[in-house]
Peer 1: 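Can you read through this structure? Questions will come right after.
Since we're looking at a predicted model, the values are computed, not measured. Naming: A, B, ... by sequence-line order, numbering from 1 per chain. Scope of the values below: all heavy atoms of this structure, side chains included, with no hydrogens, waters or symmetry mates.
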Number of protein chains: 2
Amino acid sequence: MKPTLQAVADAVGVSRSTVSNAYSRPDQLSTALRERILEAARQLGYPGPDPTARSLRRGVVGAVGVLFTSQLSYAFTDPFAVRFLAGVAGAAERHGTSLLLVPLPDDAPGARRAVESAAVDGFCVYCAGDESWALDAIRARNLPFVTTAPRADAGPADRFVGIDERAAARTAAAHVVGLGHRRVALLGDTVLPGVPSGELRLADVTDVPHPTTRGRLAGFADAFAEVGVAWPELTLLSAAGNSRTAAAAAVAAVLAGPDRPTAILACSDVLALGVLDALAGTGGPPCAVTGFDDIAEAAEAGLTTVRQPAEEKGRRLAELLLDPPEDPAAGHVLLPTELVVRTSTGPVPRR
Amino acid sequence: MKPTLQAVADAVGVSRSTVSNAYSRPDQLSTALRERILEAARQLGYPGPDPTARSLRRGVVGAVGVLFTSQLSYAFTDPFAVRFLAGVAGAAERHGTSLLLVPLPDDAPGARRAVESAAVDGFCVYCAGDESWALDAIRARNLPFVTTAPRADAGPADRFVGIDERAAARTAAAHVVGLGHRRVALLGDTVLPGVPSGELRLADVTDVPHPTTRGRLAGFADAFAEVGVAWPELTLLSAAGNSRTAAAAAVAAVLAGPDRPTAILACSDVLALGVLDALAGTGGPPCAVTGFDDIAEAAEAGLTTVRQPAEEKGRRLAELLLDPPEDPAAGHVLLPTELVVRTSTGPVPRR
DNA sequence: TTGAAAGCGCTACCAA
DNA sequence: TTGGTAGCGCTTTCAA
């Protein structure tokens, strides 16, 4: 039987309130009495107020939830996610708040229940697809939340820290355009749900459901449209998952085909690295490749990419949740991005 | 005012127990009534039972704490820790348990309070130095816990998943010995607390307080002792922190000095990579370098190292906590390690 | 400076 | 199958 606060009170001969005060409001009692209480607690092996009971009573938990709309282990597998989390963790640490990583089961009702039953004071939602159900559940609980992207269903009070996906992607494509490339392929993760890795035809970029992927593809397309290369002339590739192997599989056929692109623009560095893998295993003329995020491996691989500040994104997001700004406009943050040109993008090879 | 279970009960005209059952024990009431209750809840915007109240009543939280005895952000900064966490997260996910990452303030009493007030059902303790105070606090709360290393103060019922640090380190050193190296340096992270990066004299390896570092250094020493190179003849280097820059700083002087070692054995890959950094910036004869852990960067850098299964370590540790084995002996796990020879270790250069 | 009373929101037992 | 009762362990007024 674990000793309770009551037991300590009895042992010392004071009321529960006084023992409670000894822990939570030291200024509410004499030092002598407090010492006596703490000593008795030590004797009894009382480990201090029960966190759950305290939370119930106070109505505050002291933890924020972090939601990844996919496997939780993804959070530790994807290099960008890891750096993002490092930022979140740093901010939480400074604030003295714990981080609750909530695993979401595959089934929708189970996932919703997971969100409903997380003991947290708020949520950081890492937007990785369609998580509106999660936001609904969070709103139903009346908990504050922040997201990593502006959302279509967002109200003016909803806070986020994101980037201008479209404009950022456009800079990468503009660079490729400037190198003279016109026959190009765009590669995204799961451009349409359920399609296998490989080529895909889509009437319009607006048909891409995933907002981040849609934004980046649209940005790529913008730069090519400007030089007269319209959407239908761009080869669209989809990888079944954000992994090097999926990316390599997605580009294999088109690299071997008759209309081999001279450049491939990927929606993430992980995908781009997969393209480089595929290229390394193939002969043929050089092919320019761009990525997105600028993870550590990108630099080593000489990958031209769009850098976004991963840790800062996490840090500022957590801060937005933990220290809400007075001004609602300050809750809408777009971080700067930067095109990083390395060796993976060269001019169109002469034939 | 948030609706409570009581409000739903009133709305439907049933008792609280029945509403509670509708959520927690669907088999305890008719489907029709359950539907009616759930519908009313939806109408009222009742998001389901309050997690904290439920935890208090049930005595179970549904989360395990993960304790890093250092900055929480370290967990996302160190590549080995990240892969370890991926393993923990995977196991937790399969088990439907959340992970609470608890930040520890710098001051001892605050850190203890953090452990005392974490709402969890148990702890995974990542051993990174002296965390006995944390274990004391956990024991006082009567919570189950598991650690990443066997501990001196462990009872037979205490569970851990570790490696044989000493034997593993010895294999790396034996490899270096086999290459003919006799004038060598050993590099550890914070070999003695508070000393700056650089050389250090220590009467005996047992004087190293950090158990992991001590074990690895002892293993290194073992292999050299076997060929007649005693402890005092080994150069001992300490890095102020497990970082590349600290490692590079720690080896700078000895690399420039008259008794330049022909090999440097580091207690972690991160440190070894720092040594390679320093070497790259220096002239002079080649110097063999070994690491420990086999993180992804090690392969790219051609680093000879001792591989330990990072993800498996995390996974099995979490499983040990979540599904305690019947047999207490099964709670003591030593994972296999493997020497991975790459290009960073060559024979002693002829002069 | 201390204590009594009133719950926080829920679940589990047992009886109907 | 349903409901009444009795707390889980704590904090917080408010009054003494």
Peer 1: Checking Arg141(B) side chain against Val115(B) main chain: does a donor-acceptor pair fall under 3.5 Å?
Peer 2: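 Yes: the side chain of Arg141(B) pairs with the backbone of Val115(B).
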Peer 1: With a 4.0 Å limit, can you tell me whether Thr52(B) has a side-chain N or O closer than that to the phosphate oxygens OP1/OP2 of dG9(C)?
Peer 2: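 For Thr52(B), the contact criterion (side-chain N or O under 4.0 Å from OP1 or OP2 of dG9(C)) is not met.
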Peer 1: For Arg42(A), is there an ion pair with Glu39(A) - N to carboxylate O distance below 4.0 angstrom?
Peer 2: yes
Peer 1: Check whether any side-chain nitrogen or oxygen of Thr18(A) sits under 4.0 Å from OP1 or OP2 of dG3(C), and answer yes or no.
Peer 2: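 Yes.
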Peer 1: Any luck finding a side-chain donor-acceptor pair between Ser24(A) and Arg54(A) under 3.5 Å?
Peer 2: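 Yes, because at least one side-chain N or O of Ser24(A) sits under 3.5 Å from a partner of the opposite role on Arg54(A).
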Peer 1: Strictly under 6.0 Å, is that where the ring centroids of Tyr23(A) and Tyr46(A) end up?
Peer 2: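 So the answer is yes for these two rings.
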Peer 1: dT2(C), OP1 or OP2 - any side-chain N/O from Ser15(A) closer than 4.0 Å?
Peer 2: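 Answer is no, no contact under 4.0 Å.
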Peer 1: Measure the angle between the two terminal helix axes of the helix from dT1(C)-dA16(D) to dA16(C)-dT1(D), five base pairs each, and quote it to 10°.
Peer 2: 30°
Peer 1: Near DNA chain D, counting only heavy atoms under 4.0 Å, which residues of residues 31-43 of chain A show up?
Peer 2: none
Peer 1: Rounded to whole Å, please give me the gap between CG in Asp27(B) and P in dA12(C).
Peer 2: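 It is 12 Å, rounded to the nearest whole Å.
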Peer 1: Closer than 4.0 angstrom, basic N to acidic O: yes or no for Arg316(A) and Glu312(A)?
Peer 2: yes
Peer 1: Do the ring planes of His332(A) and Phe160(A) sit parallel (below 30°), tilted (30 to 60°) or perpendicular (above 60°)?
Peer 2: parallel
Peer 1: Under 30°, 30 to 60°, or over 60°: which ring-plane class applies to Phe84(B) and Phe68(B), parallel, tilted or perpendicular?
Peer 2: perpendicular
Peer 1: Is the shortest side-chain N to carboxylate O distance from Arg112(B) to Asp107(B) below 4.0 Å?
Peer 2: no
Peer 1: What I want to check is whether the side chains of Arg151(B) and Ser132(B) have a donor and an acceptor closer together than 3.5 Å.
Peer 2: no
Peer 1: Whole angstrom is fine here: how far is it from CG in Leu56(B) over to P in dC10(C)?
Peer 2: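 Whole-Å distance recorded here is 12 Å.
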Peer 1: Less than 4.0 angstrom from a charged side-chain N to a carboxylate O is my criterion; do Arg139(A) and Asp158(A) meet it?
Peer 2: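 Yes, this pair counts.
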Peer 1: Indicate yes or no: at least one non-hydrogen side-chain atom of Leu104(B) is less than 4.5 angstrom from one of Leu72(B).
Peer 2: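 Heavy-atom side-chain distance check fails, nothing below 4.5 Å.
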Peer 1: Sugar-phosphate means primed atoms, P, OP1 and OP2; the rest is base. With that split, encode nucleotides 10-16 of chain D 5' to 3' as B, S or - using protein heavy atoms under 4.0 Å.
Peer 2: BBB----
